[in-house]
Amino acid sequence: TSFAKKFQTPQPRASINGGGGNSQGDSYLVPGATVATILMLGVLHARRLYDDKMTEEKREKGIELEFQPDVKATFLRLLPLRSMSRCWGYLTNMEIPVWLRPHIYKAWARAFHSNLEEAALPLDEYASLRDFFIRTLKEGSRPIDAGPQCLVSPVDGTVLRFGELKGAGAMIEQVKGFSYSVFSLLGASPFLPTSADGDVQEEHSESITTTEKSNKSWWRVSLASPKVWDPTSSRPKRGLFYCVVYLKPGDYHRIHSPADWNILLRRHFSGRLYPLNERATRTIRNLYIENERVILEGLWQEGFMALAAIGATNIGSIELFIEPELHTNRPRKKFLHSEPPEERVYGCEGVGRMLKKGDELGAFNMG
Amino acid sequence: STVVLVFQAPISKLHEDESSQEFRFCVRRGDRIRVGEALGRWHSS
């Protein structure tokens with residue numbers, strides 16, 4: 001409005017000596033811009049709430065949203081999301097005055113539905129938003145299911161997908177109409193079962209390397225190994241399963257071990273940092289295999305287990321308590337996004353990092 | 001942020017169809033879950 005008024009009724013510039021002719025117009029400029037910005041943010045927020053509501057309604061009706069690439073997703077490719085993420089991390093790591101801390105954290109909790117009563121420390125003891133974000137919880141806030149035949153959730157979040165992976169080219173559905181390969185997600189793994197029928201229990205107990213296995217064709221194995229009674233054959237077969245859990249900004253962001261687990265290696269893919277919200281999963285191809293991620297692989301009582309912690313724009317770095325020296329979301333040395341993953345084997349001769357069910361193993365950090 | 005868990009778990013020895021799996025997820029799509037709550041269970045036969 002201020003701009004419009006200014007252009008419609010041009011007035012002589014106020015001189016140093018004389019003026020004051022346009023001072024009233026200028027005084028409208030800042031409030032006008034502020035009001036326009038607030039209105040714009042309000043409209044965007046309302047639109048987002050409306051979209052979320054519509055999505056929720058569709059989900060309740062059982063209508064599954066399909067993959068649908070759009071212009072915004074293409075535009076995201078052009079943005080320096082990693083730099084923006086690090087900038088966000090820098091800002092959120094700044095120390096907040098003690099008197100202001102409870103107000104900011106309460107506002108955050110209101111906006112993202114966090115439960116502040118679970119926080120282990122009083123709010124004014126979190127020096128920065130980043131510290132608050134990866135806060136620990138009060139003792140007993142997350143009881144661990146102690147059942148011996150149960151796998152527990154490693155994080156707080158929303159279950160997006162789960163199921164069994166079948167066939168040699170096992171695919172995980174990102175959203176209806178688009179899937180990605182588990183091998184692309186985890187990388188070339190010596191432990192990942194490759195058998196199509198899921199009967200891969202020998203992977204656990206025998207030390208046959210992938211190379212050796214690939215050299216033996218199925219008929220050679222069949223002829224060389226006559227059918228004899230084998231005590232291990234009375235054990236149930238094993239299938240390969242997956243579960244995808246999404247963490248909203250207000251969720252507790254520490255990662256725990258889903259079972260008693262021996263982690264044998266860690267793989268770090270330095271990729272992009274797209275957002276991972278519901279809209280992004282519907283519009284960005286290969287979201288999970290393009291984003292920066294840390295893969296932990298190892299063995300548990302039932303065989304193979306891998307956990308992929310995938311970063312996003314606002315929560316870009318992944319911290320491992322079992323390997324504090326690992327730093328993710330660093331400035332890139334190369335422009336290309338297809339760098340090979342950096343891998344570290346924990347220990348040697350199969351001795352890795354032993355974790356008990358429920359042990360903390362890492363956290364997602366801001367920026 | 002997102003976590004993808006990939007793991008082996010027991011399935012029935014005789015049949016491999018959905019109904020005879022021994023490992024079963026005890027969550028549904030869209031469920032809220034917290035650390036330590038069961039994702040799935042299995043029963044040894």
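The chains referred to below are lettered A, B, ... by the order of the sequence lines, with proteins before strands, and numbering in each begins at 1.
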Atom [atom1] in [X], atom [atom2] in [Y]: separation rounded to 0.5 Å?
{"X": "Arg293(A)", "Y": "Ser1(B)", "atom1": "CZ", "atom2": "OG", "result": "15.0 Å"}
{"X": "His256(A)", "Y": "Arg34(B)", "atom1": "NE2", "atom2": "CZ", "result": "12.0 Å"}
{"X": "Asn291(A)", "Y": "Thr2(B)", "atom1": "CG", "atom2": "OG1", "result": "8.5 Å"}
{"X": "Arg142(A)", "Y": "Glu37(B)", "atom1": "CZ", "atom2": "CD", "result": "8.0 Å"}
{"X": "Leu39(B)", "Y": "Phe162(A)", "atom1": "CG", "atom2": "CZ", "result": "9.5 Å"}

Looking at chain B, which one of [options] has the largest number of heavy-atom pairs inside 4.5 Å, strictly under?
{"options": "Ala308(A), Gly311(A), Ala309(A)", "answer": "Ala308(A)"}
{"options": "Pro258(A), Ala146(A), Ala306(A), Ala312(A)", "answer": "Ala306(A)"}
{"options": "Val244(A), Ile255(A), Val159(A), Leu185(A)", "answer": "Val159(A)"}
{"options": "Ile172(A), Leu276(A), Leu247(A), Ile144(A)", "answer": "Leu247(A)"}
{"options": "Glu297(A), Met305(A), Lys357(A), Arg254(A)", "answer": "Met305(A)"}
{"options": "Gly163(A), Gly316(A), Pro249(A)", "answer": "Gly163(A)"}

Item to check | CA sep, side-chain torsions, deciding dist, call: Asp31(B), Thr158(A), side chain to side chain contact (heavy atoms under 4.5 Å, CB included) | outcome: CA-CA 6 Å; Asp31(B) 277 359; Thr158(A) 308; over 6 Å; no
Checklist entry - Is any side-chain N of the basic residue among Glu302(A) and Arg41(B) closer than 4.0 Å to the acidic one's carboxylate O? => result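 Between Arg41(B) and Glu302(A) there is no salt bridge, as every charged N stays at least 4.0 Å from the carboxylate O atoms.
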Checklist entry - Is it true that Arg32(B) and Asp156(A) have a side-chain N and a carboxylate O under 4.0 angstrom from each other? => result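 No, this pair does not count.
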Checklist entry - Is a donor on one side and an acceptor on the other found under 3.5 Å between the side chain of Trp42(B) and the backbone of Leu151(A)? => result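 No: the side chain of Trp42(B) does not pair with the backbone of Leu151(A).
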Next on the checklist: Please classify the contact of Pro154(A) with chain B as side chain, backbone, both or neither, using a heavy-atom distance under 4.5 Å.
Outcome noted: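 Contact with chain B: backbone and side chain both.
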Next on the checklist: Does any backbone or side-chain atom of Val182(A) lie under 4.5 Å from a heavy atom of chain B? Answer side chain, backbone, both or neither.
Outcome noted: side chain
Next on the checklist: Contact between Pro193(A) and Gln8(B) at the side-chain level, heavy atoms closer than 4.5 Å - yes or no?
Outcome noted: yes
Next on the checklist: For a 4.5 angstrom cut-off between non-hydrogen side-chain atoms, does Leu5(B) reach Phe241(A)?
Outcome noted: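 No, their side chains stay 4.5 Å or more apart.
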Checklist entry - Is the distance between the ring centroids of Phe7(B) and Phe304(A) under 6.0 Å? => result no
Item to check | Contacts of Asn277(A) that satisfy side chain to side chain contact (heavy atoms under 4.5 Å, CB included) - sequence neighbours left out | outcome: Tyr246(A), Pro275(A), Arg279(A), Ala280(A)
Item to check | Test side chain to side chain contact (heavy atoms under 4.5 Å, CB included) applied to Asn286(A) - qualifying residues, sequence neighbours left out | outcome: Phe178(A), Tyr180(A), Ile289(A), Glu290(A)
Checklist entry - What are the two closest non-hydrogen atoms of Gly36(B) and Val152(A), and how far apart are they? => result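 Looks like O-CG1, 3.3 Å.
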Checklist entry - Given Val4(B) and Leu307(A), is the side chain to side chain contact (heavy atoms under 4.5 Å, CB included) satisfied, shown in steps? => result CA-CA 6 Å; Val4(B) 183; Leu307(A) 185 146; over 6 Å; no
Next on the checklist: Evaluate Val245(A) against Ile33(B) for side chain to side chain contact (heavy atoms under 4.5 Å, CB included), listing each step before the verdict.
Outcome noted: CA-CA 8 Å; Val245(A) 183; Ile33(B) 194 161; 4.2 Å; yes
Next on the checklist: With a 6.0 Å cut-off (strictly less than), is the heavy-atom count around CD of Glu139(A), excluding the residue itself, greater than 12?
Outcome noted: no
